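Here's the structure, in structure tokens; my notes come after.
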There are 2 protein chains.
Amino acid sequence: MEITRPHPQEGTQSYASHTRVPHGDAGDIVPGHSPAACPAVTEVLSRVGDKWSMQVVMQLGYGSMRFNQLRREIDGISQRMLTRTLRGLERDGLVDRTVTPSVPPRVDYALTPLGQSLRGPVALLGDWAVANREAVAQARSEYDLREDG
Amino acid sequence: MEITRPHPQEGTQSYASHTRVPHGDAGDIVPGHSPAACPAVTEVLSRVGDKWSMQVVMQLGYGSMRFNQLRREIDGISQRMLTRTLRGLERDGLVDRTVTPSVPPRVDYALTPLGQSLRGPVALLGDWAVANREAVAQARSEYDLREDG
DNA sequence: CGGCATCCGAATGGATACTG
DNA sequence: CAGTATCCATTCGGATGCCG
């Protein structure tokens, strides 16, 4: 069966679908629940935020890979966590697992279209992280100084 | 006093700075470390991925808010976690905390410019989550059926 | 109002050993 | 090669109670 295929062309992209960027201070906002705060988003963010998932996704963005190839590439990940992470991604329909029953066995992992579609947003976040890590680090050390300095 | 009020205008945005989107299967990639896999990115993603941080950021995106106002708006967050989350965000330079020593005391939280700059990428991720939550949910139930069905 | 301190269960994640 | 199983330390996060 086919996974609902979103826009395969994701070049220039603007964020404006429904998460508007407002204006003044609070008080005129709808008290119900903003779309960015619903459980679905939280669930996705926890996937994105776990220690290894997005590193795996970004690696697989470069092409399909075998298990130990991923293991070597990702640096620091344990066998256990790579397995668990891949299972999670597979369960969520982001990664496709292909077993070739040979000796020794061969298992290839690749992004599904859904997984591919996640790369863009995550890459943006990665770019933000790279661009602002110094600012964050400085803010931290300043904060820590104010605390126990 | 005034809370540092950042650039309200941050329009169209494309992700392409250095995290390129490649092509074929692996083998011709630089084995060093891709920019999306470095510790800085992991650290940011863990911030983004924790249970409440981004909900707070998105809420504060609508304007500065007081503590219990945030507490009521975010639904489900405990006092302890709101405090901890806000401290973390403040430490990272994403949130600004302003105390007005009145009785009863008044504390306002607002996004710093750095925090504002994070809203775009996170909103994109939120949009992805909203757009694809059904696909993920379906993939999950299918996966779970294959396991114990 | 806006916290902090304490307790405790649950989840995360690393290390190691074993397996088809 | 690609896992599974077990153990264990750390962290996360909710509940409760007290404070200025």
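Nothing here was measured: the structure is a model prediction, and the numbers come from that model. The sequence lines fix the lettering, A, B, ..., with proteins before strands; numbering per chain opens at 1.
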Rounded distance (Å) that lies between atom [atom2] of [N] and atom [atom1] of [X]:
X      : N       : atom1 : atom2 : value
L82(A) : dT12(C) : CG    : P     : 17 Å
M81(B) : dA5(C)  : CE    : C1'   : 15 Å
L86(A) : dC1(D)  : CG    : C1'   : 14 Å
D50(B) : dG14(D) : CG    : P     : 11 Å
R97(A) : dC1(D)  : CZ    : P     : 16 Å
R84(A) : dT12(C) : CZ    : P     : 7 Å
R47(B) : dC12(D) : CZ    : P     : 10 Å
E90(B) : dG3(C)  : CD    : C1'   : 13 Å

Looking only at the side chain of [X] (C-beta and beyond, no hydrogens), which of the listed nucleotides [options] gets closest?
X       : options                  : result
N68(A)  : dG3(D), dT6(C), dA2(D)   : dA2(D)
R80(B)  : dG20(D), dG3(C), dA15(D) : dA15(D)
P105(B) : dG17(D), dC1(C), dG14(D) : dC1(C)
P104(A) : dG3(C), dC1(D), dG14(C)  : dC1(D)

Would you please confirm or rule out a distance under 4.0 Å between OP1 or OP2 of [N] and any side-chain N or O of [X]?
X       : N       : result
Y109(B) : dC1(C)  : no
K51(B)  : dG14(D) : yes
R87(B)  : dC4(C)  : yes
R66(A)  : dC1(D)  : no

- prompt: Do side-chain atoms of T112(A) reach the backbone of L94(A) as a donor and acceptor pair under 3.5 angstrom?
  reply: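 Yes.
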Given DNA chain C, 5'-ward residue of the pair Q79(A) and G49(A), judged by closest heavy atom: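 Final value for this comparison: G49(A).
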message: We want to know whether Q138(B) and E142(B) form a side-chain donor-acceptor pair, criterion being a heavy-atom distance below 3.5 angstrom.
response: yes
- prompt: Contact class for R71(A) (heavy atom, under 4.0 Å): base, sugar-phosphate, or nothing?
  reply: nothing
query: When rounded to the nearest 0.5 angstrom, what distance separates CD1 in I77(A) from CG in L86(A)?
result: 7.0 Å
- prompt: Is any side-chain N of the basic residue among R146(A) and E90(B) closer than 4.0 Å to the acidic one's carboxylate O?
  reply: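 Between E90(B) and R146(A) there is no salt bridge, as every charged N stays at least 4.0 Å from the carboxylate O atoms.
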- prompt: Is E43(B) paired with R140(A) through a side-chain N to carboxylate O contact shorter than 4.0 Å?
  reply: yes
